[in-house]
Engineer: 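Handing you this structure, nothing more for now.
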Amino acid sequence: MAQFKSDFMRVLHERGFVHQCTAPEALDEQAAAGRLVAYVGYDCTADSLHIGHLVSIMILRWLQKTGNQPIALMGGGTTKVGDPSGRDETRKLLTAEQIDANMAAIRRSFANFIDFDAVGGRKAAVMANNADWLDQLLYIPLLRDVGRHFSVNRMLTMDSVRLRLERDQPLSFLEFNYMILQSYDFVELARRFGCNAQFGGSDQWGNIVMGVELGRRMEDRELFGLTCPLITTASGAKMGKTAAGAVWLNPERLSPYDYWQFWRNTEDADVGRFMKLFTDLPLDEIARLEKLAGAEINDAKKVLAFEATRLCHGEKAAREAAETARKTFEEGALADNLPTVDVPRATLETGLPAYEVLRLAGLAASNAEARRLIKGGGGRLNDAQIASETAAVTMADADAEGRIKVSAGRKKHVLIRAV
RNA sequence: GGAGGGGUGGCCGAGCGGUCAAUGGCAGCAGACUGUAAAUCUGCCGGACUUUGUCCUACGAAGGUUCAAAUCCUUCCCCCUCCA
């Protein structure tokens, strides 16, 4: 297993993308011949993907870079059912309109990671939507053509089902059908696009294996499945939680600056692993950077932040984020690119209590939270600790351009701009 | 359909007439120490306000008993287990 014929499988192993794989040798053959057409399915439960999805997106990226073809499948149809994998409770059902809106927002994220146009001899990536075929299905034909290949005995042993049953959590018949639909997706993509592999997170193993089997039974095709590990931080926490919640890929949800900051704050012990997974940097460069110790590893973190942000938001945004961070943290200067909130000049001329300013800046969810923050010594105005939560903030605190810097702690900064 | 058990804050989980905005743990936020790291220690952790206090909302839902209810009663909804 040490030697791979294909660049694709070699890269995946070297960089730590592989958790489980159905038929590694045969998959390697396909990849080496450039005949791999692989898909990853994405739920449309939110209007943005987050970094939890990033590992699989990076796999699609490598797939394309190594001469094979990626398919990003939008779960327009399966989202109507709800995947029970890894869930104790039934997902909330979304309306068709919500799903469509989410799908439209998610699509844009992919454009930065994979190419949907064939350029430089690369195969163009494909974006598909399983609503295109799932919405058309008829119950009896589906049962006869697809359902007969599934054994309920087998389905009951699948983690997604078994865990629910063992914990006495309800599992609706609707959800029970999810794996059948996902398996059918695989077959349908094989028919339409010659797709022969599916990738996903480790929680998708069961669903993927069922699809591989269905392909063999219905179409006599050899399909492959590969899962990537669940990425946790060195301290064991599930990755991707920040103050504001998930680390989103859409800039409307999370600014490129905050995205950069997320990576910049990576734990020391994770730097090398994350650079392998979330950047294109060559391995020898990564090896050099991760060896940095003590305060020097901060340089490696900046590289990680820049590269990861460049992939997601583009080179320009990454540069701006890095520059904003440099000014803010290294010079203590006021950088224009910090997240900015506009406040009417007249309001500031009258003066606002400090707690309200923190709330307006989005640094506290309520006035009470802002007051607590200040009482606890975490509220800052132009880098000076705010002494009293009712201290008035006025235009006198603004610089020549009418900007005031407010902060929650030492790391989260927002500009208030008088307009 | 019958019998029993249960639904508490983001999650887990105590409380079972007043001292309950509700013990504890996790998660989160801030402070100290540092390197925008980890670990550790400290504080905070429903909301509004004229903040050592007052008011509002909240223990599945709606009613009721009581000076007083997360705690008692009634009805309803939902979940689980066993039986049919």
Side-chain angles (χ1 to χ4, degrees), chain A residues 86-90 92-93 163-172 175 232-247 255 257-275 289-306 308-309 321-333 335 337-339 352-356 358-381 383-392 405-414:
Chain A
R87 288 283 186 133
D88 263 0
E89 282 172 17
T90 305
K92 259 192 240 140
L93 288 181
L163 293 174
R164 280 273 185 100
L165 297 179
E166 279 176 2
R167 291 184 203 190
D168 295 334
Q169 298 290 343
L171 177 80
S172 70
E175 295 170 284
T232 53
T233 67
S235 331
K238 204 163 163 183
M239 191 186 165
K241 285 291 209 70
T242 66
V247 179
S255 72
Y257 167 77
D258 286 320
Y259 190 77
W260 191 95
Q261 279 295 325
F262 169 76
W263 293 105
R264 175 64 183 81
N265 285 307
T266 298
E267 294 178 29
D268 289 7
D270 288 327
V271 173
R273 197 160 52 99
F274 285 3
M275 280 196 285
L289 288 167
E290 74 178 327
K291 265 200 225 98
L292 296 173
E296 287 197 329
I297 197 150
N298 283 327
D299 292 331
K301 291 184 189 181
K302 286 180 210 165
V303 175
L304 169 64
F306 177 78
T309 308
E323 178 58 14
T324 302
R326 195 187 62 77
K327 276 191 186 159
T328 307
F329 287 94
E330 290 173 29
E331 288 179 12
N337 231 22
L338 282 175
L352 276 170
Y355 65 82
E356 205 162 333
L358 283 173
R359 202 202 70 226
L360 288 171
L363 294 170
S366 65
N367 284 347
E369 192 179 310
R371 284 173 196 267
R372 274 185 240 119
L373 184 66
I374 295 168
K375 274 186 187 158
R380 285 185 166 74
L381 183 75
D383 296 314
Q385 209 170 59
I386 303 170
S388 150
E389 64 261 34
T390 50
K405 181 182 181 185
V406 291
S407 319
R410 298 189 185 284
K411 289 209 284 197
K412 286 181 294 187
H413 308 285
V414 172

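Worth knowing before you read on, the calculation uses all heavy atoms, side chains too, and leaves out hydrogens, waters and symmetry mates. From a predicted model like this one, the values you see are computed outputs, not experimental measurements. Every chain is numbered from 1, with letters handed out A, B, ... down the list of sequences.
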Engineer: Measure the distance from CD on A/E356 to P on B/rU50 and round it to the nearest whole Å.
Structural biologist: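 Atom-to-atom, A/E356 to B/rU50, this comes out as 10 Å.
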Engineer: Over all strands shown, is A/T266 touching base, sugar-phosphate only, or nothing at heavy-atom distances under 4.0 angstrom?
Structural biologist: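 If one applies the 4.0 Å heavy-atom cut-off, A/T266 turns out to touch the sugar-phosphate alone, with no base involved.
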Engineer: Between B/rU23 and B/rG18, how far apart are the two P atoms, rounded to whole Å?
Structural biologist: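 One P to the other, the span is 15 Å.
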Engineer: Using a 4.0 Å heavy-atom cut-off, does A/G379 contact any base of the nucleic acid, only the sugar-phosphate backbone, or nothing at all?
Structural biologist: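 No contact at all - A/G379 keeps every heavy atom at 4.0 Å or more from the nucleic acid.
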Engineer: Would you give the length of the straight line joining atom CD of A/E389 to atom NZ of A/K375, rounded to the nearest 0.5 angstrom?
Structural biologist: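 NZ of A/K375 is found 5.0 Å from CD of A/E389.
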Engineer: Kindly compute the distance separating CZ (A/F274) from CH2 (A/W263), expressed to the nearest 0.5 Å.
Structural biologist: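 Here the interatomic distance stands at 6.0 Å.
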Engineer: Tell me: CZ of A/R326 to P of B/rG35, nearest whole Å?
Structural biologist: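 Going from CZ in A/R326 over to P in B/rG35 covers 20 Å.
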Engineer: What is the distance, rounded to the nearest whole Å, between atom CG of A/L363 and atom C1' of B/rG28?
Structural biologist: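 So the CG-C1' distance, A/L363 to B/rG28, works out to 15 Å.
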Engineer: With rounding to whole Å, what would you report as the distance between B/rG1 and B/rG25 at their P atoms?
Structural biologist: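 My reading of the P atoms in B/rG1 and B/rG25 gives 44 Å.
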Engineer: Is there a donor and acceptor pair, one atom on the side chain of A/E389 and one on the base of B/rU51, closer than 3.5 Å?
Structural biologist: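 Checked by distance alone, the answer is no.
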Engineer: Find the distance between OG1 (A/T309) and CZ (A/R264) and round it off to the nearest 0.5 Å.
Structural biologist: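 Atom-to-atom, A/T309:OG1 and A/R264:CZ are 12.0 Å apart.
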Engineer: Tell me if B/rU66 is syn or anti. Syn = glycosidic torsion within 90° of 0, anti otherwise.
Structural biologist: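 Anti.
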Engineer: Quick one: closest heavy-atom pair of A/I374 and A/S388, and the distance?
Structural biologist: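 Smallest interatomic distance, heavy atoms only, reads CG2-C, 3.9 Å.
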Engineer: Please write out each protein N/O paired with an N/O of nucleotides 52-58 of chain B under 3.5 Å, distance rounded to 0.1 Å.
Structural biologist:
none

Engineer: Does B/rA30 have its OP1 or OP2 closer than 4.0 Å to a side-chain nitrogen or oxygen of A/R410?
Structural biologist: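 No, A/R410 has no side-chain N/O under 4.0 Å of OP1/OP2 on B/rA30.
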Engineer: Side chains of A/K411 and A/N265: is there a donor and an acceptor less than 3.5 Å apart?
Structural biologist: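 Their side chains do contain a donor-acceptor pair, which is all the 3.5 Å distance test asks for.
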Engineer: Under 4.0 angstrom, heavy atoms only, what part of the nucleic acid is A/A325 near: base, sugar-phosphate, or nothing?
Structural biologist: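 Touches a base.
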Engineer: Might you point out which heavy atoms bring A/A408 and A/L363 nearest each other, and give the distance in Å?
Structural biologist: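 Closest approach of A/A408 to A/L363: N-CD1, 3.7 Å.
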Engineer: What is the separation between atom CD on A/Q261 and atom C1' on B/rA37, rounded to the nearest whole Å?
Structural biologist: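 Taking CD of A/Q261 and C1' of B/rA37, I get 13 Å after rounding.
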Engineer: With rounding to the nearest 0.5 Å, note down the distance linking CD in A/E323 to CG in A/N337.
Structural biologist: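 If I round to the nearest 0.5 Å, the distance is 9.0 Å.
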Engineer: For A/R273, which residues count as a side chain to side chain contact (heavy atoms under 4.5 Å, CB included) partner, sequence neighbours excluded?
Structural biologist: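 For A/R273 the side chain to side chain contact (heavy atoms under 4.5 Å, CB included) partners, ignoring immediate neighbours, are A/I231, A/D270, A/L277.
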Engineer: For RNA chain B, what is the dot-bracket line, given that a base pair needs Watson-Crick (N1 to N3, plus N6-O4 or O6-N4) or G-U wobble (N1-O2 and O6-N3) geometry with both distances under 3.5 Å, and | means paired with another strand?
Structural biologist: ((((((((.[[[..)..(.....]]].(((((.......))))).((((...))))...[[[[[..)....]]]]]))))))).
Engineer: State whether A/K291 and A/E296 are salt-bridged, where the test is any N-O pair (Lys NZ or Arg NE/NH1/NH2 against Asp/Glu carboxylate O) under 4.0 Å.
Structural biologist: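 So A/K291 does not pair with A/E296 through a salt bridge.
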Engineer: Write down the atom of A/R359, the atom of A/A370, and the distance for their closest heavy-atom approach.
Structural biologist: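 Nearest heavy atoms, A/R359 then A/A370: N-CB, 4.5 Å.
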Engineer: Taking atom P in both B/rA48 and B/rG2, what distance in whole Å separates the two?
Structural biologist: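 These two P atoms come out 48 Å apart once rounded.
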Engineer: For B/rA21 versus B/rG28, give the span between their P atoms, rounded off to a whole number of Å.
Structural biologist: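 Between the two P atoms, the distance is 29 Å.
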Engineer: Could you encode protein contacts along nucleotides 40-48 of chain B as a string, one character per nucleotide from 5' to 3', using B for base contact, S for sugar-phosphate-only contact and - for no contact, with a heavy-atom cut-off of under 4.0 Å?
Structural biologist: ----SS-SS
Engineer: Answer yes or no: does a side-chain N or O of A/K412 lie under 4.0 Å from OP1 or OP2 of B/rA30?
Structural biologist: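 It does, given that an N or O in the side chain of A/K412 lies less than 4.0 Å from OP1 or OP2 of B/rA30.
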Engineer: Considering only heavy atoms from C-beta outward, does the side chain of A/L373 approach that of A/L358 to under 4.5 Å?
Structural biologist: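 Sidechains of A/L358 and A/L373: in contact.
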Engineer: When you get a sec, tell me which of B/rU34, B/rG35, B/rU36 is the closest nucleotide to the side chain of A/R264?
Structural biologist: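 Taking heavy atoms from C-beta onward, the closest nucleotide is B/rU36.
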Engineer: Taking only the P atom of each, what is the distance from B/rU51 to B/rC33 in whole angstrom?
Structural biologist: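 The answer is 32 Å between these two P atoms.
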Engineer: Which value, in whole Å, describes the distance between the P atoms of nucleotides B/rC29 and B/rC77?
Structural biologist: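 Each nucleotide's P atom is 42 Å from the other's.
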Engineer: Nearest nucleotide by nearest heavy atom, which residue falls closer to the 5' end of RNA chain B, A/Y355 or A/G378?
Structural biologist: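 Closer to the 5' end of RNA chain B: A/G378.
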Engineer: Any luck finding a side-chain donor-acceptor pair between A/H413 and A/S407 under 3.5 Å?
Structural biologist: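 Distance-only check passes for A/H413 and A/S407.
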Engineer: Is there a side-chain contact between A/M275 and A/L289 in this structure, where contact means two heavy atoms from C-beta onward sitting under 4.5 Å apart?
Structural biologist: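 A/M275 reaches A/L289 side chain to side chain.
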Engineer: May I have the distance from A/L289 (atom CG) to B/rG35 (atom P), rounded to whole angstrom?
Structural biologist: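 So the CG-P distance, A/L289 to B/rG35, works out to 21 Å.
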Engineer: Measuring from atom CG of A/L292 to atom CG of A/D268, what distance do you get when rounded to the nearest 0.5 angstrom?
Structural biologist: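 A/L292 atom CG to A/D268 atom CG measures 10.5 Å (nearest 0.5 Å).
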Engineer: Could I get a table of every N or O pair under 3.5 Å where one atom is in the protein and the other is in nucleotides 24-26 of chain B?
Structural biologist:
none

Engineer: For a quick check of understanding: with a heavy-atom distance under 4.0 Å over all strands, which category does A/E296 fall into, base, sugar-phosphate or nothing?
Structural biologist: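 Since no nucleic acid heavy atom lies under 4.0 Å of A/E296, the category is nothing.
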Engineer: Please measure how far the P atom in B/rU40 lies from the corresponding atom in B/rC26, and state the result in whole Å.
Structural biologist: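 Per the computed distance, 11 Å lies between those P atoms.
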Engineer: Between atom CG of A/L381 and atom CD1 of A/I386, what is the distance when rounded to the nearest 0.5 Å?
Structural biologist: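 That separation rounds to 5.0 Å.
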Engineer: Tell me: CD1 of A/I297 to P of B/rA37, nearest whole Å?
Structural biologist: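 The answer, rounded to whole Å, is 13 Å.
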Engineer: Does anything in residues 361-373 of chain A form a salt bridge (charged side-chain N to carboxylate O under 4.0 Å, His left out)? List the pairs, not counting sequence neighbours.
Structural biologist: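 Every pair satisfying salt bridge (charged side-chain N to carboxylate O under 4.0 Å, His left out) with a residue in residues 361-373 of chain A: there are none.
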Engineer: Under 4.0 Å between a side-chain N/O of A/K411 and OP1 or OP2 of B/rA37, yes or no?
Structural biologist: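 Yes.
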Engineer: In this structure, how many angstroms lie between the C1' atom of B/rU34 and the CZ atom of A/F329, rounded?
Structural biologist: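 Rounded to the whole Å, the gap is 15 Å.
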Engineer: On RNA chain B, check which nucleotide each of A/N265 and A/Q385 is closest to and give me the residue with the more 5' one.
Structural biologist: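 The residue mapped nearer the 5' terminus is A/Q385.
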Engineer: Using the P atom as the reference point in each nucleotide, state the distance between B/rG64 and B/rC16 in Å, no decimals.
Structural biologist: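 Result for the P pair: 27 Å, nearest Å.
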Engineer: Please determine whether a side-chain nitrogen of the Lys or Arg among A/D258 and A/K412 lies less than 4.0 Å from a carboxylate oxygen of the Asp or Glu.
Structural biologist: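 Here A/D258 does not pair with A/K412 in a salt bridge, since their nearest N and O are not under 4.0 Å apart.
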Engineer: Could you check how far CG of A/L338 sits from P of B/rU36, rounded to whole Å?
Structural biologist: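 These atoms are roughly 16 Å apart.
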Engineer: Over all strands shown, is A/R380 touching base, sugar-phosphate only, or nothing at heavy-atom distances under 4.0 angstrom?
Structural biologist: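 Sugar-phosphate, no base atom in range.
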